[in-house]
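Shown next, in structure tokens, is the structure this report addresses.
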Amino acid sequence: MIRVRFAPSPTGHLHVGGARTAIFNWLFAKHHGGTFIIRVEDTDLARSTAESETMVLDDLRWLGLLWDEGPDVGGPHAPYRQSERVSRYGQVARGLLQRGIAYRCYCTEEELEAKRKVAEAAGRPPHYDLTCWLNRRDDDSLPHAIRFHVPEDGDVTIDDAIRGEVTWKRESLGDFILVRSDGLPTYNFSVVVDDHDMEITDVIRAEEHLTNTHRQVLIYRAMDWLIPHFAHVSLILGQDRTKLSKRHGATSVAAYAEAGFLADAMVNYLALLGWSAPDGRDVFDRDYAITNFELDRVNSAPAVFDPQKFEWLNGQYIHAMTAAALRPLVVGAIGVDTPWLEEAIDVVKTSVHLLPQFREAIRFVTEYAAPEIDRGFAAAVAADLRENGSPRDADAVRAMNERLKKATGLKGKELFMPLRLALTGMDHGPELVRAIPLLGRASESDPGVLSPLARIEQCIR
RNA sequence: GGCGCAUUCGUCUAGGGGUCCAGGACGCCGCCCUCUCACGGCGGUAACACGGGUUCAAAUCCCGUAUGCGCUACCA
């Protein structure tokens with residue numbers, strides 16, 4: 001049984017990098033019929049907040065990445081918040097202490113800093129100098145951290161699902177902290193205890209954790225715990241090829257949601273950053289991604305986030321959705337609802353890529369200012385509308401056009417452009433065979449919308 | 001500095017020794033459709049970081065260099 005987890009630190013909104021890691025974990029779990037777990041890594045008290053946790057969870061829900069076990073829904077290995085698991089880390093650390101694998105370190109941060117400087121100046125790696133290891137004491141009354149002693153046979157090789165074999169030499173590591181002097185565990189320690197306790201089978205996480213795996217495997221070995229499979233996903237970069245951050249503009253999932261991107265499009269786009277479909281398609285739904293997702297199709301090179309392609313993809317989703325499905329999203333995005341909105345969405349949706357763009361796209365319905373046009377032409381249009389009524393469908397528009405052709409002697413562009421200008425007030429917009437019936441119907445159901453006839457009459461005045 | 005990871009069109013990528021003078025997508029350019037703007041269709045532009053090997057044959061394997069990134073914390 002596959003069990004994976006996404007382990008965010010609650011320090012703000014979910015970012016696209018984290019979102020992609022979550023998506024890969026979720027897809028992997030779904031593909032294998034496994035369990036998707038959320039674990040909150042909030043041992044950094046200075047940066048973690050309860051509000052952030054709520055935001056991150058809300059962002060994940062918005063993306064539709066629902067979890068089977070987590071801090072809010074519980075599960076067989078609760079609690080799923082590291083701050084609530086501190087006693088367990090202490091318990092494991094004491095075991096390591098008793099077995100002489102870990103030891104108490106009484107060095108202060110200032111002392112360590114000084115030692116590091118000396119080591120670097122001497123051209124040696126800035127590893128811990130082992131003072132407290134050589135001088136072991138068991139004094140619980142003095143402030144101290146708990147350090148892991150790297151064994152002689154500390155070489156580690158993992159078979160990463162994305163990168164293949166990765167090897168580290170024992171020498172590249174110094175003795176590292178398991179539990180800080182404030183009693184809280186460090187990331188490398190808590191992550192191992194939790195992944196073991198929660199029976200995680202596959203650890204899929206960002207590449208920045210790759211070299212941490214060396215330490216973690218050593219802890220697994222010391223505990224004689226089963227080591228999970230690892231998969232390290234590369235970073236997402238900004239346009240300047242540095243790690244995506246705030247100065248690249250919007251980076252949080254919430255910001256993109258606010259900008260009018262759809263959750264499905266975001267999942268699709270982020271999955272495409274690193275993963276590729278076996279048949280090469282770029283647009284796919286969740287079911288397709290779930291059935292086809294494999295770690296061996298995940299690229300190991302970092303990917304640059306491309307807002308243009310993301311926007312194009314979002315447009316593909318909007319164009320493919322029905323107006324009825326789009327309507328509530330559009331109402332949410334533009335804050336306007338009208339009886340004619342659904343028809344308007346259907347008429348204009350191919351011109352929008354982002355939800356808020358509907359506002360501008362339907363402006364020709366809600367706003368009208370009479371343009372300067374030939375009065376004779378306007379009079380002919382007005383006469384036709386009075387006599388035949390406002391066209392209610394595309395065929396009726398075409399019939400009206402035929403009559404106007406005869407009445408005015410105009411055709412093609414000479415006919416349609418003035419007509420478009422007179423009725424919509426704009427020189428561009430959706431095709432007239434759709435726009436004119438929409439205006440007629442909208443004016444019937446909404447007193448705020450001028451009918452085609454009312455519009456043409458304003459041109460004559 | 002040490003260790004680790006990465007390097008195919010501007011961007012996302014396919015590719016796993018011959019089928020690759022490298023395929024798809026976004027972008028850009030052109031054409032078509034067309035009353036306009038979009039949508040859509042068709043076509044074009046553009047890449048194997050560099051240097052050595054191995055091999056009959058290398059984008060694909062090996063080594064080195066360069067560049068980028070990550071870790072090297074009592075952050076995660």
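Within every chain, numbering begins at 1; the chains are lettered A, B, ... in the order of the sequence lines, protein sequences first and strands thereafter.
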Could you state the atom-to-atom distance from CZ of A/Arg205 to P of B/C71 in whole Å? 13 Å
Pair listing, ring-ring contact (aromatic ring centres under 6.0 Å, His included) test, anchored in residues 168-196 of chain A, at least two apart: A/Phe148-A/Phe176, A/Trp168-A/His214, A/Tyr187-A/His209, A/His196-A/Trp225
List for me each residue that meets salt bridge (charged side-chain N to carboxylate O under 4.0 Å, His left out) alongside A/Glu171, sequence neighbours excluded, and say none if there are none. none
Classify the nucleic acid contact of A/Thr11 as base, sugar-phosphate or nothing, counting any heavy atom under 4.0 Å across all strands shown. nothing
If you look at every strand shown and take non-hydrogen atoms under 4.0 Å, does A/Leu112 touch a base, only sugar-phosphate, or nothing? base
Mind checking if A/Arg434 touches a base, just sugar-phosphate, or nothing, with heavy atoms under 4.0 Å? nothing
Side-chain atoms of A/Ala303 come closest, of B/C12, B/A6, B/C71, to B/C12
With B for base contact, S for sugar-phosphate-only contact and - for none (protein heavy atoms under 4.0 Å), nucleotides 59-70 of chain B reads ---------SSB
Would you mind reading off the distance between A/Asn314 atom CG and B/A25 atom C1', rounded to a whole angstrom? 16 Å
What's the CG-C1' distance between A/Leu173 and B/G2, to the nearest Å? 12 Å
Of the candidates B/C71, B/A76, B/C74, the side chain of A/Arg215 sits closest to B/C71
Worked check of ring-ring contact (aromatic ring centres under 6.0 Å, His included) between A/Phe6 and A/Phe36: CA-CA 8 Å; A/Phe6 175 61; A/Phe36 179 54; 7.3 Å; no
Is there a donor N/O on one and an acceptor N/O on the other, under 3.5 Å, for the side chain of A/Ser181 and the base of B/C74? yes
What side-chain donor-acceptor pairs closer than 3.5 Å can you find for residues 427-438 of chain A, not counting sequence neighbours?
{"residue": "A/Arg434", "atom": "NH2", "partner": "A/Asp346", "partner atom": "O", "Å": "3.3"}
{"residue": "A/Arg434", "atom": "NH2", "partner": "A/Asp346", "partner atom": "OD2", "Å": "3.0"}

Roughly how many Å is it from CD in A/Glu110 to P in B/A73, rounded to a whole number? 16 Å
When you measure from the side chain of A/Asp306, which nucleotide among B/U11, B/U7, B/C75 comes out closest? B/U11
Using a heavy-atom cut-off of under 4.0 Å over every strand shown, decide if A/Cys105 touches base, sugar-phosphate, or nothing. nothing
Using a 4.0 Å heavy-atom cut-off, does A/Ser234 contact any base of the nucleic acid, only the sugar-phosphate backbone, or nothing at all? nothing
Given RNA chain B, 5'-ward residue of the pair A/Leu273 and A/Pro185, judged by closest heavy atom: A/Leu273
Between B/U45 and B/C63, how far is it from one C1' atom to the other, in whole Å? 36 Å
Could you tell me how far B/C75 sits from B/G27 if I compare only their P atoms? Round to whole Å. 46 Å
Are A/Val283 and A/Tyr317 side-chain neighbours, meaning at least one heavy-atom pair lies under 4.5 Å? yes
What distance do A/Cys459 atom SG and A/Leu421 atom CG have between them, rounded to the nearest 0.5 Å? 8.0 Å
Run the salt bridge (charged side-chain N to carboxylate O under 4.0 Å, His left out) test against A/Arg375 and tell me which residues pass, sequence neighbours left out. none
If you measure from CE on A/Met266 to CD1 on A/Ile23, what distance do you get to the nearest 0.5 Å? 8.5 Å
Are the charged groups of A/Glu53 and A/Arg81 less than 4.0 angstrom apart, N to O? yes
Expressed in whole Å, how much space separates the C1' atoms belonging to B/G16 and B/G52? 23 Å
Inter-nucleotide P distance (B/G23, B/C62), Å rounded: 25 Å
Have a look at A/Arg170 and say if it touches a base, only the backbone sugar-phosphate, or nothing, with a 4.0 Å heavy-atom cut-off. nothing
Inter-nucleotide C1' distance (B/C42, B/G4), Å rounded: 48 Å
What is the separation between atom NZ on A/Lys309 and atom P on B/G24, rounded to the nearest whole Å? 13 Å
Step-by-step ring-ring contact (aromatic ring centres under 6.0 Å, His included) determination, A/Phe284 to A/Trp275: CA-CA 12 Å; A/Phe284 45 75; A/Trp275 182 73; 5.5 Å; yes
A/Thr186 vs B/C74: side-chain N/O to OP1/OP2 distance below 4.0 Å: no
Would the number of heavy atoms belonging to other residues, nucleotides or ligands and lying under 6.0 Å from NE2 of A/His229 be above 12? no
Over all strands shown, is A/Gly274 touching base, sugar-phosphate only, or nothing at heavy-atom distances under 4.0 angstrom? sugar-phosphate
Between B/C26, B/A76, B/C3, which one does the side chain of A/Arg47 approach most closely? B/A76
Counting the atoms with a prime plus P, OP1 and OP2 as sugar-phosphate, which does A/Pro278 contact under 4.0 Å by heavy atoms, base, sugar-phosphate, or nothing? nothing
Within 45° cone of A/Tyr128 ring axis and under 6.0 Å: A/Arg147 NZ or CZ: yes
So A/Arg281, base contact, sugar-phosphate only, or nothing? Heavy-atom distance under 4.0 Å. nothing
For the pair made of CD in A/Glu294 and P in B/A14, what is the distance, rounded to whole Å? 14 Å
Does A/Asp44 reach a base, just sugar-phosphate, or nothing at all? Heavy atoms under 4.0 Å. sugar-phosphate
Distance between C1' atoms of B/C61 and B/G17 (Å, rounded): 8 Å
So what does A/Asn188 touch, heavy atoms closer than 4.0 Å: a base, only the sugar-phosphate, or nothing? nothing
Using whole Å, report how far CD of A/Gln216 lies from P of B/A76. 12 Å
Using only side-chain N and O atoms of A/Arg297, determine if any of them is under 4.0 Å from OP1 or OP2 of B/G15. yes
In Watson-Crick or G-U wobble terms, both distances under 3.5 Å, what is the partner of B/C28? B/G44
Which nucleotide in the set B/C5, B/C26, B/G1 lies at the smallest distance from any side-chain heavy atom of A/Gln308? B/C26
Roughly how many Å is it from CG in A/Asp175 to P in B/A73, rounded to a whole number? 12 Å
Sugar-phosphate atoms are those with a prime plus P, OP1 and OP2; base atoms are the rest. Using that split, label each nucleotide of nucleotides 31-47 of chain B B, S or - for protein heavy atoms under 4.0 Å, 5' to 3'. ----BBBBSS-------
Measuring only the C1' atom in each nucleotide, how far is B/U8 from B/C50? A whole number of Å is fine. 15 Å
Going by heavy atoms in the side chains, are A/Thr157 and A/Val217 under 4.5 Å from each other? no
Counting only side-chain N and O atoms of A/Arg124, is one of them less than 4.0 Å from OP1 or OP2 of B/G1? no
Integer angstrom distance from the C1' of B/A25 to that of B/G53: 36 Å
